[in-house]
Amino acid sequence: MRAKIGNKMVEVWQISHQPISESWVRQSFDKKLLSWHQIYPDDLLVNAPWSVSIGKIGDYLIKDGNQISLITQQQFDKTYRLAN
């Protein structure tokens, strides 16, 4: 999916257990940048060189260039607009 923040377009994925259609998300799993938590299967681990962030089902991953960030659905709804 694509979304707009101001005049900028970014790639987004709402975290879910549905089949993943976004290639950048699949590639991130393949590169071990993303993984599901072993004990809490609804938690997504976002691995960065300096930390690990935890996203929940319904949260969003934002890909802006080579950067991947994690925000809550509430933050997404306030800041972004889905592109058609």
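- We find the CD1-CD distance between Ile57 and Gln14 to be 9.0 Å, quoted to the nearest 0.5 Å.
- Among all heavy-atom pairs drawn from Gln73 and Gly58, the shortest one is CB-O, 3.4 Å.
- At a threshold of 4.5 Å between side-chain heavy atoms, the hydrophobic network of Ile, Leu, Val, Met, Phe, Trp and Tyr places Leu82 and Ile62 in one connected group.
- Judged purely by atom type and a 3.5 angstrom limit, Arg81 has no side-chain atom pairing as donor or acceptor with the backbone of Ile5.
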Subject >> Step-by-step side chain to side chain contact (heavy atoms under 4.5 Å, CB included) determination, Tyr60 to Thr72 >> reply: CA-CA 6 Å; Tyr60 282 85; Thr72 65; over 6 Å; no
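- Taking hydrophobic clusters as Ile, Leu, Val, Met, Phe, Trp and Tyr residues chained together by side-chain heavy-atom distances below 4.5 Å, Ile68 shares a cluster with Leu70.
- Ile15 and Val25 fall within the same hydrophobic cluster, where Ile, Leu, Val, Met, Phe, Trp and Tyr residues are linked whenever their side-chain heavy atoms come under 4.5 Å apart, directly or through other members.
- Between Trp13 and Phe29, the shortest heavy-atom contact is CH2-CE1, 4.3 Å.
- Atom CD in Gln75 sits 8.0 Å away from atom CG in Asp59 (nearest 0.5 Å).
- Residue Asn47 holds its CG atom at 13.5 Å from NZ of Lys31, rounded to the nearest 0.5 Å.
- Separating the CG atom in Asp64 from the CD atom in Glu11 is a distance of 10.0 Å, to the nearest 0.5 Å.
- Checking side-chain atoms of Arg26 against main-chain N and O of Ile20 turns up a donor-acceptor pair under 3.5 Å.
- Side-chain heavy atoms closer than 4.5 Å link hydrophobic residues (I, L, V, M, F, W, Y) into clusters, and following such links, possibly through other members, connects Ile71 to Met1.
- Interatomic distance, OG of Ser28 versus CD of Glu22, reported as 11.0 Å (0.5 Å rounding).
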Check residues 38-46 and write down every donor-acceptor pair under 3.5 Å in which the side-chain atom is one partner and the other belongs to a residue at least two apart or another chain.
from: Asp42; atom 1: OD1; to: His17; atom 2: NE2; distance (Å): 2.9
from: Asp43; atom 1: OD1; to: Lys56; atom 2: NZ; distance (Å): 2.9
from: Asp43; atom 1: OD2; to: Lys56; atom 2: NZ; distance (Å): 3.3

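- The two residues Lys63 and Gly65 have their closest heavy-atom pair at NZ-O, 3.1 Å.
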